[in-house]
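Structure record follows, encoded as C-alpha cells.
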Amino acid sequence: MSTENTVKMLDLYRQQTSTPRFLQGFFTSPARNFHNTEDVEIDILREDEDVAVTVADITADGRLNEATRLTNKRFTPPVFKEAGPINAYRLIKRSAGQDPYQDPDYQANAMAASMDVTRRCAEKIRRTVELMAAQVLQTGTLDLIDNSGATTFQMNFSPKTTHFPNSTVDWATSATCTPIDDLEALADVILTNGRSEVENVILGRDALAGFRDSTQVQTLADNRRYNLLMLDPPTMRGTGGKYHGTVAAGQYRMNIWSYTGRYKHPQTGVITPYVDPDSAILIAPGRLDLTWGGIPKIGAVDSRALPFMPNRVASTAGGIDLHQTAWVEKDNSGLTVQVASRPLTIPTAIDTFGCLNTAGP
C-alpha cells in the first residue's frame with residue numbers, strides 16, 4: 001500500500017563469506033593434472049642416499065647397482081555436483097535491491113538468479129577442496145562426510161605414522177614444554193624419509209599461543225647474541241595465510257604461519273577451522289598434486305538454457321576446474337543450474353610433510 005511517506009532504496013548489501021585457498025596452494029595443478037579419465041596413476045621412483053665404496057684396485061670389477069624400483073599408485077577422484085533450481089513463479093517477485101515499483105524483468109531476474117546460484121555452488125566446491133588439502137596435510141587421509149555424519153568418500157594414502165606424532169609435553173604447559181625441540185625432531189623425520197628440509201610450519205590457534213608463551217621460545221627470543229627467532233605482527237600473504245616470522249629449530253630455518261580459514265561443518269553446522277587448533281603442520285619442498293577430472297556429457301546443452309549457463313571455469317594458475325550446465329523444464333516452469341567437479345588432492349611426495357599434535361601424549 002502506498003502512503004504519503006517517501007522512501008529511498010539504498011544499494012543492496014550482500015554479506016559474502018570468504019573462500020580461502022591457502023592450504024591447497026601447497027598443491028600444484030599443471031596442465032597434465034587436468035584429465036577426462038576415471039582414474040589417475042602416478043609412477044614413483046625413490047632413491048637412497050648411498051655412497052660409492054672403493055674396490056680393491058683398478059683391475060677389480062665394478063660394484064653392481066640394482067635398478068631403481070618402480071612404485072605405481074592409482075586413485076579415483078570423488079565427484080561433486082551442486083545444483084540449484086530457479087522457479088519461474090519466483091521471477092515475478094522483487095529481487096534483492098530492486099525497486100518494488102518497477103515491473104519485473106523475468107529474463108534479467110533469471111540471469112541474476114542463475115549467476116548467484118552458480119557462484120554459491122562453485123564456492124562450496126572450492127571450500128571442500130581446501131578441506132581436502134587440510135585433511136591430507138594433517139592426517140595423510142581423506143574422510144568426507146554428509147550432513148548425517150556418514151562417510152561419502154574415503155581414501156588412505158598410507159603415510160608413515162612417524163610423521164604424525166604428539167609433542168613430548170602439551171604446549172599449553174609453558175614452563176616445561178619444548179616446542180623448538182618438537183619441531184626439530186619432526187623435521188629430522190621428514191628429512192630422513194622425504195630427503196627434503198622443512199621450510200614452513202603452519203600453527204593452529206592454540207599451537208601458536210603455546211609456542212609464543214613457552215619458556216623455551218621466550219628464552220630464545222631474549223638471547224641478544226643470536227638471531228634465532230624473529231616474530232613480527234602477522235601479515236596476510238597469498239590466499240589467507242598469515243606470516244609471523246622465522247624460527248631456527250636446530251639445523252632448520254622455518255617460516256612460521258597461521259591460518260584463520262574456516263568452514264561450516266556439514267554435520268554439526270559448527271564453524272570449524274581448517275587447521276586444528278593443536279596442529280603444527282611442517283612442510284618441506286616436495287610434489288603435492290591437485291588433479292581435476294572431467295565430467296562426461298552427452299549432447300549439447302538445451303539452447304533455452306544457454307543464456308543462463310556461465311562458461312566452464314578451468315585454470316592451471318588458479319588450480320580450479322568447474323563444469324557448469326543448466327536445463328529448462330519441459331513446460332518452462334523452472335530452470336536448474338549445476339556445477340560439477342572431480343578434484344583430488346594427492347600427496348605424491350608423501351614423506352615431505354608431517355603434522356605434530358601439540359596437545360601432548
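Looking at residues two or more places apart in sequence or on another chain, you find a side chain to side chain contact (heavy atoms under 4.5 Å, CB included) between Val53 and Arg63. Remark: Thr161 pairs with no residue by the side chain to side chain donor-acceptor pair (under 3.5 Å) rule, at least two apart or across chains. The side chain to side chain donor-acceptor pair (under 3.5 Å) search around Ser214 returns none, not counting sequence neighbours. By the side chain to side chain donor-acceptor pair (under 3.5 Å) test, Gln251 is found to be paired with no residue, residues two or more places apart in sequence or in another chain being considered. Taking the salt bridge (charged side-chain N to carboxylate O under 4.0 Å, His left out) definition, one finds that Arg74 meets it with Asp39, Glu41, sequence neighbours left out. For Asn156, the side chain to side chain donor-acceptor pair (under 3.5 Å) test picks out no residue, with sequence neighbours left out. For the ring pair (Phe, Tyr, Trp, His ring centres under 6.0 Å) test, no residue two or more places apart in sequence or in another chain qualifies with Phe27. With sequence neighbours excluded, the residues satisfying side chain to side chain contact (heavy atoms under 4.5 Å, CB included) with Pro85 are Thr336.
Judged purely by atom type and a 3.5 angstrom limit, Ser341 uses its side chain to pair as donor or acceptor with the backbone of Asp321. Side chain of Asp181 to main chain of Glu184: no donor-acceptor pair is present (N/O by atom type, distance under 3.5 Å, no hydrogens or angles). A donor-acceptor distance shorter than 3.5 angstrom exists from the side chain of Gln135 to the backbone of Asp143, with no hydrogens or angles considered. Under a 3.5 Å cut-off, the side chain of His163 and the backbone N or O of Phe353 do form a donor-acceptor pair. The backbone N or O of Asp57 lies less than 3.5 Å from no partner atom in the side chain of Thr59, so there is not a single donor-acceptor pair. Within the 3.5 Å criterion, the main-chain N or O of Ile180 finds no donor-acceptor partner in the side chain of Thr178. Without hydrogens or angle criteria, Thr358 side chain to Asp278 main chain gives a donor-acceptor distance under 3.5 Å. Distance alone, capped at 3.5 Å, is enough to place a donor-acceptor pair between the Gln138 side chain and the Asp276 backbone.
Environment of CG in Asp61: sparse, with no more than 12 heavy atoms of neighbouring residues, nucleotides or ligands closer than 6.0 Å. The environment of CD in Gln218 is crowded: more than 12 heavy-atom neighbours from other residues, nucleotides or ligands sit within 6.0 Å.
Connection of Trp327 to Ile86 is not established within any shared hydrophobic cluster, with ILVMFWY side chains joined at heavy-atom distances below 4.5 Å, either directly or through further cluster members. A continuous path of Ile, Leu, Val, Met, Phe, Trp and Tyr side chains, each step under 4.5 Å between heavy atoms, connects Ile44 with Val40, placing both in one hydrophobic cluster. One hydrophobic cluster, built from ILVMFWY side chains closer than 4.5 Å, holds both Phe34 and Ile42.
Counting heavy atoms from C-beta on, the side chains of Tyr263 and His265 come closer than 4.5 Å. The shortest side-chain heavy-atom distance between Val275 and Leu23 falls under the 4.5 Å cut-off. Considering only heavy atoms from C-beta on, Gln216 comes within 4.5 Å of Pro179 through its side chain. The closest side-chain heavy-atom distance from Leu191 to Val198 is not below 4.5 Å. At a threshold of 4.5 Å between non-hydrogen side-chain atoms, the residues His244 and Leu208 count as touching.
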* Asked: What do the steps show when you test Leu131 against Tyr274 for side chain to side chain contact (heavy atoms under 4.5 Å, CB included), and what is the final call?
  -> CA-CA 6 Å; Leu131 177 59; Tyr274 288 108; 4.0 Å; yes
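Under the 30°/60° scheme for interplanar angles, the aromatic rings of Phe211 and Trp171 are found to be tilted.
Heavy-atom minimum distance, Ile295 versus Arg342: CD1-CG, 3.6 Å. The two residues Pro78 and Leu344 have their closest heavy-atom pair at CD-CD1, 4.0 Å. Scanning all heavy atoms of the two residues, the minimum distance from Pro165 to Leu186 falls at CD-CD1, 3.9 Å. In this structure, Gly294 and Asn36 approach most closely via the heavy-atom pair CA-OD1, 3.4 Å. Of all heavy-atom pairs spanning Pro77 and Pro343, the tightest one is CB-O, 4.1 Å. Here the closest non-hydrogen pair linking Val117 and Gly84 is CG1-CA, 3.6 Å.
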Donor-acceptor pairs under 3.5 angstrom involving side-chain atoms of residues 280-292: please list them, not counting sequence neighbours.
| unit_1 | atom_1 | unit_2 | atom_2 | d |
| --- | --- | --- | --- | --- |
| Arg287 | NE | Asp289 | OD1 | 3.4 |
| Arg287 | NE | Asp289 | OD2 | 2.7 |
| Arg287 | NH2 | Asp289 | OD2 | 3.1 |
| Asp289 | OD1 | Asn33 | ND2 | 3.1 |
| Asp289 | OD2 | Thr348 | OG1 | 2.5 |
| Trp292 | NE1 | Ser29 | OG | 3.2 |

Distance-only check: which donor-acceptor pairs under 3.5 Å involve side-chain atoms of residues 199-207, not counting sequence neighbours?
| unit_1 | atom_1 | unit_2 | atom_2 | d |
| --- | --- | --- | --- | --- |
| Asn200 | OD1 | Asn255 | ND2 | 3.3 |
| Asn200 | OD1 | Trp257 | NE1 | 2.9 |

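In this structure, CD on Glu66 lies 10.5 Å from CG on Leu64, to the nearest 0.5 angstrom. The CG atom of Asp351 sits 8.0 Å away from atom CZ of Arg195, with the distance rounded to the nearest 0.5 Å. One distance of note links CZ of Phe26 with OG1 of Thr345; it measures 14.0 Å at 0.5 Å rounding. Between the CD atom of Gln267 and the CG atom of Asp146 there is a distance of 8.0 Å, given to the nearest 0.5 Å. The structure places OG1 of Thr325 at 7.0 Å from CD of Gln338, a figure rounded to the nearest 0.5 Å. Between the CD atom in Glu130 and the CD atom in Gln24 there is a gap of 5.0 Å [rounded to 0.5 Å].
Applying the ring-ring contact (aromatic ring centres under 6.0 Å, His included) test to every pair with at least one member in residues 49-82, sequence neighbours left out, gives these pairs: Phe75-Phe157.
A salt bridge links Arg119 with Glu123: the distance from a Lys NZ or Arg NE/NH1/NH2 to an Asp or Glu carboxylate oxygen falls below 4.0 Å.
Leu45 belongs to a hydrophobic cluster with Leu70, counting contacts under 4.5 Å between side-chain heavy atoms of Ile, Leu, Val, Met, Phe, Trp and Tyr, direct or through other members.
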